[in-house]
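If you read the sequence from its start, that first residue is 1, and numbering goes on from there. The figures that follow rest on heavy atoms only: side chains count, while hydrogens, waters and symmetry mates do not.
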Amino acid sequence: YVVRHGQARLLPDDYDRLSETGHEQARLVGEHFVRERIQPTHVWSGTLKRQRDTASGALAVLTAAGEPQPEQATLSGLDEYPADELMSFLLPIARESDPQVEQDAQALQRVDDDRERYRLIHRLLEAVMRLWISSEHDVEEAGIASWARWSSGVRDALRAAMSVPSGSTVVSFTSGGPIGVVVQTILAAPDLKAAELNWRVFNASVSQVTFSSRRASLDSFNEIGHLPKTLRTHR
């Protein structure tokens with residue numbers, strides 16, 4: 001089971017902490033596992049606080065229900081891609097090469113409406129992700145992981161899940177970017193599809209993969225039936 005973290009706080013300097021909504025979403029993930037009698041034998045999360053706290057919040061519900069819990073471990077391969085660093089390095093390049101990106105960047109400086117601001121940021125990030133995945137520019141010279149290196153780390157985490165003993169149940173708490181890579185890898189889709197899938201992943205959604213040591217199959221993607229409509233968020 002691959003779970004995206006709950007909603008994080010909106011302030012840029014505090015993004016790696018769950019909001020009140022995020023904590024409630026984590027609790028509902030735990031209730032979902034109790035109802036469905038999902039008993040993890042392995043619990044992993046990325047190293048980011050919002051990922052670890054989502055795991056802790058969900059596991060607290062399982063513990064309260066009397067379910068024995070394995071020790072929570074962290075895998076850096078489940079961390080989100082470095083969005084801020086990529087925006088700083090690649091956005092100026094995208095603005096020079098694409099008039100639409102330049103227009104959107106200028107509009108962002110003038111807009112006051114939160115929804116329009118989010119729409120423009122999303123479009124700019126899409127442009128930056130396309131550049132990153134294309135590997136046309138050497139981001140590693142700026143100390144930023146390349147797409148190949150970062151996505152390889154996600155796939156290493158997937159292989160780690162596939163290497164546990166037969167009959168195990170792994171629950172991984174991660175972010176939208178790694179979830180996109182997991183699904184893209186299982187479906188043998190082009191790399192750009194990982195980014196496109198990322199945009200659609202809800203906070204605290206659950207995706208399910210059935211695996212053996214040699215292959216993995218996608219059983220479900222982005223399930224949110226355990227979340228009321230008022231708690232279905234993307235950011």
Side-chain angles (χ1 to χ4, degrees), residues 1-6 18 25-81 145 147-189 191 193-194 197-198 201-227:
Y1 297 89
V2 188
V3 184
R4 188 186 174 200
H5 64 76
L18 294 181
Q25 290 167 333
R27 184 184 67 79
L28 291 170
V29 169
E31 291 187 353
H32 170 64
F33 284 173
V34 170
R35 283 195 305 274
E36 296 298 317
R37 297 184 178 180
I38 297 169
Q39 298 178 327
T41 58
H42 301 74
V43 176
W44 297 336
S45 76
T47 67
L48 303 177
K49 182 173 176 55
R50 60 187 184 272
Q51 299 168 336
R52 291 184 285 109
D53 286 354
T54 302
S56 297
L59 293 179
V61 177
L62 287 165
T63 300
E67 302 289 350
Q69 297 308 311
E71 183 177 349
Q72 181 180 333
T74 57
L75 289 177
S76 60
L78 296 173
D79 286 352
E80 184 61 288
Y81 57 85
W147 164 260
R149 182 154 64 91
W150 176 79
S151 62
S152 178
V154 177
R155 295 184 184 104
D156 285 345
L158 177 61
R159 281 189 286 270
M162 293 169 63
S163 69
V164 300
S166 178
S168 299
T169 298
V170 179
V171 180
S172 297
F173 293 84
T174 182
S175 296
I179 293 171
V181 172
V182 167
V183 175
Q184 171 254 327
T185 300
I186 292 172
L187 298 181
D191 284 348
K193 289 297 180 183
L197 288 165
N198 165 45
V201 181
F202 282 90
N203 293 117
S205 65
V206 180
S207 300
Q208 184 175 353
V209 176
T210 296
F211 59 87
S212 68
S213 60
R214 292 181 295 176
R215 61 183 173 183
S217 300
L218 183 69
D219 289 346
S220 66
F221 169 63
N222 208 24
E223 291 184 10
I224 53 172
H226 53 288
L227 302 173

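- The side-chain heavy atoms of Ile186 and Val209, taken from C-beta on, include a pair separated by under 4.5 Å.
- A side-chain donor-acceptor contact under 3.5 Å links Ser207 to the backbone of Asn222.
- The aromatic rings of Trp150 and Tyr81 stand perpendicular to each other, their planes meeting at an angle above 60°, with 30° marking the opposite boundary.
- Between atom CG of residue Asp53 and atom CG of residue Leu18 there is a gap of 5.5 Å, rounded to the nearest 0.5 Å.
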| said: Set out, in order, the CA-CA distance, both residues' side-chain angles and the distance that settles side chain to side chain contact (heavy atoms under 4.5 Å, CB included) for Leu62 and Val34, then state yes or no. | reply: CA-CA 6 Å; Leu62 287 165; Val34 170; 3.5 Å; yes

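- No hydrogens or angles considered: a donor-acceptor pair under 3.5 Å links the side chains of Gln51 and Ser175.
- Side-chain contact between His226 and Glu36 is absent, with no heavy atoms from C-beta onward closer than 4.5 Å.
- Using a 4.5 Å cut-off on side-chain heavy atoms (C-beta onward), Pro40 and Gln69 make contact.
- In terms of heavy-atom proximity, Leu78 sits nearest to Ser172 at CD1-CB, 4.1 Å.
- At a threshold of 4.5 Å between non-hydrogen side-chain atoms, the residues Phe33 and Val61 do not count as touching.
- With hydrogens and angles left out, the side-chain atoms of Gln184 and Arg155 include a donor and acceptor closer than 3.5 Å.
- A search for ring-ring contact (aromatic ring centres under 6.0 Å, His included) contacts involving Phe202 returns His234, not counting sequence neighbours.
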| request: Walk me through it: do Tyr1 and Thr169 pass the test side chain to side chain contact (heavy atoms under 4.5 Å, CB included)? | output: CA-CA 8 Å; Tyr1 297 89; Thr169 298; 3.8 Å; yes

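- A distance-only check finds no donor-acceptor pair linking the side chain of Thr74 to the backbone of Thr47 [under 3.5 Å].
- With Ser168 contributing its side chain and Val164 its backbone, the two residues share no donor-acceptor pair below 3.5 Å.
- Taking each heavy atom of Phe173 and Ala55 in turn, the nearest pair found is CD1-CB, 3.4 Å.
- Note: Glu67 CD to Ile38 CD1 = 11.0 Å, rounded to the nearest 0.5 Å.
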| Step-by-step side chain to side chain contact (heavy atoms under 4.5 Å, CB included) determination, Gln25 to Leu227 | CA-CA 7 Å; Gln25 290 167 333; Leu227 302 173; 4.3 Å; yes

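- In this structure, the side chains of Val182 and Ile179 stay at 4.5 Å or more apart for every pair of heavy atoms.
- Residues Ala157 and Leu75 come closest through the heavy atom pair CB-CD1, 4.3 Å.
- Thr174 has its side chain out of reach of Arg4: every pair of non-hydrogen atoms, C-beta onward, lies at least 4.5 Å apart.
- Within 6.0 Å of atom CZ in Arg35, more than 12 heavy atoms from other residues, nucleotides or ligands are found, so the atom counts as buried in its surroundings.
- Side-chain atoms of Asn198 never come within 3.5 Å of backbone atoms of Gly180 as a donor-acceptor pair (strictly under, hydrogens ignored).
- Rounding to the nearest 0.5 Å gives a distance of 12.0 Å between OG of Ser151 and CG of Leu158.
- Arg52 contributes atom CZ, which lies 8.0 Å from atom CG of Leu48 (distance to the nearest 0.5 angstrom).
- For the atom pair Arg50 CZ and Glu80 CD, the distance stands at 6.5 Å (nearest 0.5 Å).
- When all heavy atoms of Val43 and Pro70 are compared, the pair lying nearest together is CG2-CG, 3.7 Å.
- Residue Gln72 comes nearest to Ser45 through the heavy atom pair NE2-OG, 3.6 Å, listed as atom of the first residue, atom of the second, then distance.
- Once rounded to the nearest 0.5 Å, the distance linking OG of Ser205 with NE2 of His5 reads 10.0 Å.
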| request: Take Trp44 and Val170, measure what side chain to side chain contact (heavy atoms under 4.5 Å, CB included) needs, and give me the verdict at the end. | output: CA-CA 8 Å; Trp44 297 336; Val170 179; 3.8 Å; yes

